[in-house]
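The structure under discussion appears below in the form of structure tokens.
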Amino acid sequence: MNAYAIDSMVAAGPLRVANKRLEALLVARMRALLLMPAFGLVAVVALMRIASFGVLGAPDIPLSMEQRLLPPRGEITDRNGLPLARNYDAFALWYNPTAMKDGGSPLVHRPEEVAAKLAAIFPELDQADVAARLASGRAQYLRRRLLPEEANRVFDIGEPALELPAEKDRFYPQGSMAAHVLGYVKDGAGHLGMESVLNDRLTDSSLRGEPTAIALDLRVQGALEDELSKGMLSVNARGAAGVVLDVDTGEVIAMASLPAFDPNDIKTSDLMISDAEAKLGRTPRVFNSVTNQVYELGSTFKPLTVAAAIDAGIVRDLSLRYDAKPVKVAGRTLADSHNLGDTLNVPEALIHSSNTVTARVADKLGPERLRDTMRALGLAERPYIELPARGAPLWPGEKWSRVTTMTVAYGHGIAVTPLHLASAYAAMVNGGVWRPATLYKVEPGQEAAGRRVFKEDTSARMRQLLRMIAVYGTGQSADAPGYRVGGKTGSAEKPSAGGYRKKLLVSTFAAAFPMDNPRYVVVAMLDEPKGTTASSFQRTAAWNAAPIVGKLIPRIGPLLDVRPDLSRDIDISDLRPLIRSDIK
């Protein structure tokens, strides 16, 4: 190869490389020109899709397997994880008059025959009503919530128009237990109770997979309802109410209002009553007497009055004797139910439940200080609880007359709910701090700060006095051995437009245990109890409400880690000498 050829090849190398680069650049530009319209088209389609979502709504997106397995509504459990409300697969009975394709009669048999067969499966159905509904030719539900065996029997009837669509239904495994706390679900929405309060959480797809625990203890709830029911029936009472409250956290461990209803089977009669029944003071079964009905709770207020007087320094010497004769004020005479003697000291006044001595203590305390204490205990506002049904108290106003101060002191002229009373007693025995009641489970150390109402030494003194009432006074039938119960009875005549109805009482016992280290408050109330053999023909709380508490506490104490101990008690040795020998 000659020198010229070699030089030509060297010169051609850079030129070839330059041509290759130019070719690659041209190809890249052509590709970019071709892709730009494609990107633009994608952007236009995306914008049009977004706009369509705004007008027509987002399309149904296939659910993940995890989302498909989630129940449509979350489960509610008690504080220990036991189920209170959950969803389950159920059947409904749907009448579809267009099921027959030939356009003839929607039923193979006559409506009356089909209705008779359905009534044989579901005896509670009105046969004539079902026959009329079948004859109407209108598509409709004939029944919701069928058991599988019931669905099979309907299928065996052989009517194509009787369809059995599968549905998700709400189920309450405990039946009517805690019905007023839980409420019920209708058309996918919670009504009353915690079903309403927790509705958003229970239907939230990010939360409903985890059960929601509330403060109730199912075991304690069952015992409370059982003892209240037996007590109510034994004295033919119109109704009953009760609550068990943790004195340190405000948690509602149990709450019952009787008669109850079954949230699995809500009836029209559960939701409303006739005008005639309303005039008699009746309420629907869904009405929660613990949180929504206000009562004059009578002598259960006396310890609250004495606590206010001790806290204010009005009562210092518990041996001081007060005039116990009737009090004449503002044209009225305030007297005790029976003669208790000419004089009583404060411990004797509580043990004997003296109206007159309590009224005189309140008179010395004055209206402002008594009113402020009652307000600090939450008695001037609706009860603090998450439930939507909360009754407004009948509060005497801001300026209390002398007679108002005296009567409020022993629980007349003021009306509150049983829950109000339970929260007030918790503050009186727990060291003096009032906390709102709650149905949410409170984790250790997370309780509400509350507000101080009584000094700690006042609370300590009231624990002694309440214990003395159960040992020596009207609360003796509540004194469960080993549980160091303390409490106060209250028997109040029911008010009416023309005054008080002496034959109709509200009987209440408010208690706490164990009094050497209070853990729980228990309130039991009976509405219009009668004198029966079971109550020795007496109608007052000492004979009907107090025994309920006396039977309940031994049942729930061990469940709440409070075991009976006969070797210990609160020390009342400094007060025992103040009690007259005739009641030793």
Side-chain angles (χ1 to χ4, degrees), residues 250 290-315 327-334 355-385 387-428 432-437 448-455 458-459 462 488 490 492-500 506 508 510 523:
V290 180
T291 65
N292 206 19
Q293 180 66 61
V294 297
Y295 305 88
E296 291 191 0
L297 294 175
S299 297
T300 58
F301 267 57
K302 290 172 183 174
L304 301 176
T305 300
V306 169
I310 292 174
D311 212 63
I314 298 301
V315 173
V327 180
K328 293 185 178 180
V329 56
R332 296 177 57 182
T333 300
L334 310 181
N355 295 340
T356 58
V357 172
T358 307
R360 288 185 167 98
V361 169
D363 195 32
K364 291 182 65 177
L365 178 63
E368 292 81 11
R369 285 184 288 196
L370 183 60
R371 183 196 61 218
D372 291 348
T373 298
M374 297 298 180
R375 182 183 286 109
L377 291 170
L379 303 182
E381 304 173 77
R382 294 179 187 272
Y384 286 78
I385 194 71
L387 299 179
R390 299 177 296 120
L394 298 182
W395 181 252
E398 294 309 306
K399 292 186 177 180
W400 291 10
S401 66
R402 188 181 179 207
V403 68
T404 295
T405 302
M406 289 183 170
T407 55
V408 167
Y410 56 84
H412 283 73
I414 182 173
V416 299
T417 67
L419 184 60
H420 276 115
L421 185 68
S423 294
Y425 265 63
M428 185 167 54
V433 178
W434 180 92
R435 289 187 177 88
R451 58 173 175 258
R452 180 160 293 283
V453 181
F454 302 115
K455 301 182 184 75
T458 299
S459 179
M462 293 311 303
K488 183 69 185 76
E493 296 170 358
K494 298 186 77 169
S496 65
Y500 287 91
V506 173
T508 309
V523 172

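On a predicted model such as this, the values are computed, not experimentally measured, just so you know.
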Is there side-chain contact between Arg332 and Val403, with heavy atoms separated by less than 4.5 Å?
-> yes

Of all heavy-atom pairs linking Gln293 and Pro418, the shortest is O-CD, 3.8 Å

For residues Pro393 and Val416, determine if any side-chain heavy atom of one lies less than 4.5 Å from a side-chain heavy atom of the other.
-> yes

Nearest-0.5 Å distance, NZ of residue Lys399 to CZ of residue Arg371 | 10.0 Å

Would you check if the side chain of Tyr410 reaches a backbone N or O of Thr300 as a donor-acceptor pair within less than 3.5 Å?
-> no

Rounded distance [0.5 Å steps], CE in Met374 versus CZ in Arg369 | 14.0 Å

List the atom of Leu419, the atom of Ala437, and the distance in Å for their closest heavy-atom pair.
-> CD1-CB, 4.0 Å

Do the side chains of Leu334 and Val329 get nearer than 4.5 Å, heavy atoms only?
-> yes

So which heavy atom on Ala427 is nearest to which on Ser459, and how close?
-> O-OG, 4.5 Å

Any side-chain heavy atom of Ile385 within less than 4.5 Å of one from Arg390?
-> yes

Hey, mind stepping through Asp363 and Arg402 against side-chain contact (heavy atoms from CB on, under 4.5 Å) and telling me if it holds?
-> CA-CA 7 Å; Asp363 195 32; Arg402 188 181 179 207; 2.9 Å; yes

Can any side-chain N or O of Thr458 pair as donor or acceptor with the backbone N or O of Phe454 at less than 3.5 Å?
-> no

So, do Trp434 and Tyr384 have ring centers that fall under 6.0 Å from each other?
-> yes

Counting N and O atoms only, with roles assigned by atom type, does the side chain of His420 sit under 3.5 Å from a partner on the main chain of Glu381, one being a donor and the other an acceptor?
-> yes

Hey, are the side chains of Leu304 and Thr373 touching, using non-hydrogen atoms and a 4.5 Å cut-off?
-> no

Distance (rounded to the nearest 0.5 Å) between Thr508 OG1 and Leu421 CG | 7.0 Å

Taken in chain and number order and not counting sequence neighbours, the residues that satisfy side-chain contact (heavy atoms from CB on, under 4.5 Å) with Val315 are Ala309, Ile310, Leu318, Tyr322, Val346, Val361

For the pair Asn355 and Ser299, evaluate side-chain contact (heavy atoms from CB on, under 4.5 Å) and give the outcome as yes or no after the intermediate values.
-> CA-CA 8 Å; Asn355 295 340; Ser299 297; 4.2 Å; yes

So OG1 of Thr333 and NZ of Lys328: to nearest 0.5 Å the spacing works out to 5.5 Å

For Tyr295, which residues count as a ring pair (Phe, Tyr, Trp, His ring centres under 6.0 Å) partner, sequence neighbours excluded?
-> none

Please name the pair of heavy atoms, one in Thr405 and one in Pro367, separated by the smallest distance, quoted to 0.1 Å.
-> OG1-CB, 3.1 Å

Any side-chain heavy atom of Thr417 within less than 4.5 Å of one from Arg382?
-> no

Note, Val506 side chain near Leu297 side chain (heavy atom, < 4.5 Å) | yes

For Lys455 and Asp311, indicate whether the former's side chain and the latter's backbone hold a donor-acceptor pair under 3.5 Å.
-> yes

If you take all heavy atoms of Gly391 and Asn292, which pair is closest and at what distance?
-> N-OD1, 3.2 Å

Determine the minimum heavy-atom distance between Pro396 and Val408, stating which atoms define it.
-> CG-CG2, 3.9 Å

For the side chain of Thr407 and the backbone of Gly413, is there at least one donor-acceptor N/O pair under 3.5 Å apart?
-> no

Atom pair CD/CH2 of Glu368 and Trp400 - distance to nearest 0.5 Å | 10.0 Å

Give a yes or no on whether a salt bridge exists between Asp372 and Arg375, defined as a side-chain N under 4.0 angstrom from a carboxylate O.
-> yes

Should Leu370 and Thr305 count as side-chain neighbours, where that means a heavy-atom distance under 4.5 Å?
-> yes

Measure the spacing between CZ of Arg435 and CZ of Arg451 and express it to the nearest 0.5 Å.
-> 12.0 Å

